Amino acid sequence: MTKKVAVIGYPVKHSLSPFLHGYWLKKYNIDGEYGLLEVKPEDLKGTLARLESDGYVGCNLTIPHKEEAYRILGNNTGITAHSVGAVNTIYMQYGELWGSNSDVYGFVQNILNSHSDFDFTKGKAVVLGAGGAARAVVCGLIGEKVPEIIIVNRTVEKAEKVKEDLLKISDHVDGWEDNSDIKVVHWDERNEIVKDANILVNTTSLGMKGQPELDISLENIPKNALVNDIVYNPLETKLLKNAMEHGNFVVDGLGMLLYQAVAGFEMWFGIKPEVTEDLREHVLSQMK
Ligand code: NAP
């Protein structure tokens with residue numbers, strides 16, 4: 001029987017997920033379908049309750065449903081969803097719906113696959129932003145045992161909340177007992193705080209198509225630091241361009257999107273798909 005999966009959002013037409021999963025379904029010759037479901041916020045609970053009887057083996061969630069899906073699934077969520085407070089991947093387990101957040105895996109794998117010898121434990125990580133994506137990134141950094149994480153945000157209270165939530169959770173996770181030291185600084189300090197950084201990650205929406213540019217000086221960042229922008233449209237952001245000119249290693253954000261999809265595909269269809277240059281080109285062609 002054809003296995004059905006969909007991405008649920010409102011609106012959802014812009015989603016790249018059908019191109020991505022469709023590519024793998026064809027490549028691995030799997031009897032599966034990956035579609036789009038436009039669902040209003042008030043209909044999410046009902047849609048999830050009917051998911052299995054409607055013939056789906058799982059789904060992805062996108063804006064604005066990730067946080068509500070986490071609340072609906074309650075205890076049927078893993079540590080990544082707890083850490084981020086949001087679910088982007090749902091699959092069936094023991095006859096029930098389970099939720100996870102694969103952005104954490106996507107972030108870490110993107111870095112490690114671009115620079116296999118990158119050592120997260122070597123020093124300080126600076127994370128720009130404190131939204132949903134920042135939570136996934138900080139969670140990934142804690143999991144990789146980064147000794148010191150600095151969250152830099154315009155709204156300091158939001159960054160403090162990310163810190164508080166993630167420290168609380170990490171107390172209960174095996175292997176995370178030696179918490180990373182997490183500090184919060186105001187946006188105005190961004191140019192100085194990158195001094196001694198081992199990795200700088202932009203998780204703000206600045207630099208994204210239609211948004212203002214990210215304005216940061218890289219004068220103080222060490223030349224051997226890795227700079228990652230999780231914004232992927234455009235692929236080469238001003239931050240990455242400046243970092244390359246400064247001599248830093250850079251990693252763009254498209255890989256995070258591709259790797260986060262690996263986890264869901266494997267759970268639904270039983271094959272761990274490969275992220276290749278051809279896949280990147282395929283997805284990029286849909287962004288033009
Ligand atoms: P979000 O929850 O809305 O957070 C946005 C962040 O940007 C907040 O920290 C916000 O600061 C900051 N920001 C916005 N405008 C700013 C400004 N003018 N000056 C300073 N800071 C500003 O968004 P999100 O869901 O975390 O997503 C953020 C970005 O990550 C988006 O571009 C998204 O496409 C990208 N993303 C990429 C991937 C991937 O797979 N590559 C995955 C997830 C997200 P305040 O808190 O002060 O408002």
Side-chain angles (χ1 to χ4, degrees), residues 80 83-84 86 101-116 118-155 158-159 162-163 165-166 170 180-187 189-208 211 213-218 220-244 246-260:
T80 52
S83 305
V84 183
N101 192 304
S102 60
D103 279 343
V104 179
Y105 173 84
F107 162 68
V108 173
Q109 287 308 306
N110 186 30
I111 302 290
L112 291 178
N113 281 281
S114 306
H115 293 278
S116 54
F118 181 72
D119 184 359
F120 280 98
T121 66
K122 218 176 74 187
K124 164 171 124 178
V126 176
V127 178
L128 304 175
R135 283 179 178 261
V137 166
V138 174
C139 178
L141 293 170
I142 296 173
E144 292 304 311
K145 304 195 179 310
V146 169
E148 186 183 9
I149 303 169
I150 315 282
I151 308 175
V152 187
N153 203 41
R154 182 179 60 176
T155 313
K158 240 167 101 180
V162 174
K163 170 181 167 176
D165 289 351
L166 284 169
S170 66
S180 302
D181 183 13
I182 305 181
K183 294 192 182 100
V184 168
V185 306
H186 188 265
W187 188 244
E189 293 176 53
R190 62 193 181 283
N191 295 338
E192 289 74 38
I193 204 72
V194 295
K195 187 169 175 268
D196 304 334
N198 182 37
I199 176 169
L200 168 68
V201 187
N202 174 43
T203 76
T204 72
S205 42
L206 295 171
M208 196 173 128
Q211 297 289 320
E213 285 294 357
L214 166 60
D215 177 21
I216 184 169
S217 161
L218 297 179
N220 293 319
I221 197 168
K223 288 204 189 300
N224 60 358
L226 189 148
V227 177
N228 171 218
D229 200 333
I230 73 160
V231 167
Y232 57 82
N233 194 6
L235 196 57
E236 192 181 287
T237 58
K238 187 176 156 201
L239 171 68
L240 295 186
K241 225 166 156 218
N242 290 348
M244 273 188 280
H246 189 255
N248 292 97
F249 300 113
V250 301
V251 179
D252 68 52
L254 184 59
M256 179 172 166
L257 178 81
L258 305 183
Y259 280 105
Q260 68 75 30

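Model, not experiment: these values are computed from the prediction. All values below come from the heavy atoms of this structure, side chains included, with hydrogens, waters and symmetry mates left out.
Put simply, CD on Q260 and CG on L258 are 8.5 Å apart, with the number rounded to the nearest 0.5 Å. Distance check: M208 CE to I230 CD1 gives 10.0 Å after rounding to the nearest 0.5 Å. Here the straight-line distance linking atom CG of L218 with atom NZ of K223 works out to 9.5 Å at 0.5 Å rounding. Residue S217 holds its OG atom at 9.0 Å from CG of N242, rounded to the nearest 0.5 Å.
Side-chain contact of N153 with T155: a donor-acceptor pair under 3.5 Å is absent, judged by distance alone.
Across all non-hydrogen atoms, the minimal contact from V126 to A197 is CG2-CB, 4.0 Å. The minimum heavy-atom distance linking V152 with H186 is given by the pair CG1-O, 3.7 Å. Taking all atoms of both residues into account, the shortest heavy-atom contact from P222 to N248 is O-ND2, 2.8 Å. Contact detail for G129 and A134: the closest heavy-atom pair is O-CB, 3.3 Å. What you find for G207 and E213 is that their closest heavy atoms are CA-OE1, 3.9 Å. Nearest heavy atom pair, residue A125 against residue V146, reads CB-CG1, 3.8 Å.
Between I199 and I111, some side-chain heavy-atom pair lies under the 4.5 Å cut-off. The side-chain heavy atoms of P147 and D181, taken from C-beta on, include no pair separated by under 4.5 Å. Looking only at side-chain heavy atoms (C-beta outward), N198 and L226 stay at 4.5 Å or farther from each other. Side-chain contact between D103 and M256 is present, with heavy atoms from C-beta onward closer than 4.5 Å. Contact annotation: the side chain of V194 approaches that of I216 to within less than 4.5 Å [non-hydrogen atoms, C-beta and beyond]. Considering only heavy atoms from C-beta on, L128 stays 4.5 Å or farther from T203 through its side chain. For the pair D215/R190, a side-chain contact is recorded, criterion being any heavy-atom separation below 4.5 Å from C-beta on. By the 4.5 Å heavy-atom criterion applied to side chains, V108 and Y259 are not counted as neighbours.
Among pairs with a residue in residues 123-139, those fulfilling side-chain hydrogen bond (donor to acceptor under 3.5 Å, both in side chains) read R135-D165, at least two apart in sequence or across chains. Under the side-chain hydrogen bond (donor to acceptor under 3.5 Å, both in side chains) criterion, the residue pairs touching residues 231-241 are D229-T237, with sequence neighbours excluded.
Side chain of K163 to main chain of K183: no donor-acceptor pair is present (N/O by atom type, distance under 3.5 Å, no hydrogens or angles). With N191 contributing its side chain and N220 its backbone, the two residues share no donor-acceptor pair below 3.5 Å.
Environment of CZ in F118: crowded, with over 12 heavy atoms of neighbouring residues, nucleotides or ligands closer than 6.0 Å.
The side chain to side chain contact (heavy atoms under 4.5 Å, CB included) test with I182 singles out one residue from I151, L141, I150, and that residue is I151. The residue from L239, V201, V127 that alone fulfils the side chain to side chain contact (heavy atoms under 4.5 Å, CB included) condition with N228 is V201.
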_side chain to side chain contact (heavy atoms under 4.5 Å, CB included) between S102 and T80, worked out_ = CA-CA 7 Å; S102 60; T80 52; over 6 Å; no
*Worked verdict on S205 versus V231 for side chain to side chain contact (heavy atoms under 4.5 Å, CB included)*: CA-CA 7 Å; S205 42; V231 167; 5.8 Å; no
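Under the rule for a side chain to side chain donor-acceptor pair (under 3.5 Å), N110 has no partner lying at least two apart in sequence or in another chain.
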